[in-house]
Amino acid sequence: MGNERRDFMKTAGSALVAGAVAFSPLQTIAQTGGQAAVPTGASAGELTKHELPKLPYAYDALEPHIDTQTMQLHHGKHHQAYVDGLNKAEAELAKARGTGDFSLIQHWSRLLAFNYGGHYLHSLFWRTMGPASSSGEPSGDLAAKIRRDFGSVELFKKQFSEAAAKVEGSGWALLHYRPADDRLIIAQAENQQKMAHWGATVLLGIDVWEHAYYLKYQNRRADYIAAWWQVVNWNEVAGNLKSAMARG
Ligand code: MN3
C-alpha cells in the first residue's frame, strides 16, 4: 500500500493499525488519489484526495434483488456526492486554517462528519454485497459470535431487519464488532453519521435511505430488506470481523 494510504489509515480513528491485516472496512476508501492541493499553502497542512471506489462487480450483478438503475445512481451519483462533499469540507477547513477565518467551522465540521460517514458506509456497503449465487452463509468466528451474542443466526437477522425497518427517516442498520468486550452489536444510524458507537468497527450495513430502494420497492422498505439478505457477501463480512479482531 502507498504511503498516503498508510498515513490516512493511521489518522482515520477507531484504533486502525496500518498494514496489520488483509481486510479492512477502510480498504476501499483508503485507495485514494494521493494528496489534494491545499488551497492556501503548505502551512495549512496536507489533504487526502478521496475518490469513488470502483464497484467489485457489474451494476447488474445484484439483479433481481437490487436493480441496475438503482445501483448506477446510488454508486455513480449519490456516493460520488459524498466523496465530493468530503473533499470540499476538508479543503474548506484547510482554507480556514490558512486565512484564520473559522466563522463557518460548525458548518464544515458538520459536513465533514456527514460526508465522511457517507463515503465510509457506502464503500463498505458495496463490498459486503455480491451476486446472490455466491452470497454464502455466516461461517467460522462470525457464525460463532452471532450465535453467542444473539442466540442464533435467525434471531440476529430478525433484530437486524427490525432495526433497518425502523430507522427514522434516512439511515442505516449496522452490525458492529465492539472490541472492549468482544461483542457483536446491532445499531441504527441516522443519516450517515449519527448514533455512532465509538471504538466499534462496522462489519456489515444496509442503507435504508429511500435512494437505496425506492425505484424498485417504492415504500416497501421491508421487501427491500428481505431481498438485500440474498446479496450479502458473508465471506467479506467474516473478513471484516477477522481484521477488526486483529486490531483489537
Ligand atoms: Mn446511500
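Each ligand, and each atom within it, is numbered from 1 in the order the structure gives. Side chains included, hydrogens not; waters and symmetry mates left out as well; all remaining heavy atoms used. The residues of the chain are indexed from 1 along the displayed sequence. Small disclaimer: the values here were computed from a predicted structure and weren't measured.
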- prompt: What is the name of the N/O/S atom in D207 that sits closest to the Mn ion (ligand 1)?
  reply: OD2
task: Check whether any N, O or S atom of H74 sits under 2.8 Å from the Mn ion (ligand 1).
output: yes
- request: Would you give the length of the straight line joining atom NE2 of H122 to atom CD of Q80, rounded to the nearest 0.5 angstrom?
  value: 12.5 Å
- prompt: Would E90 and W108 count as having a side-chain donor-acceptor pair, cut-off 3.5 Å?
  reply: no
- request: Grab the two heavy atoms, one from F160 and one from L175, that are nearest each other, plus how far apart they are.
  value: CE1-N, 3.6 Å
Reported CG-to-NE2 distance for the pair L55 and H74, which is rounded to 0.5 angstrom: 10.5 Å
- prompt: By atom name, which N, O or S atom belonging to H211 lies closest to the Mn ion (ligand 1)?
  reply: NE2
- request: Examine H122 and say whether one of its N/O/S atoms is closer to the Mn ion (ligand 1) than 2.8 Å.
  value: yes
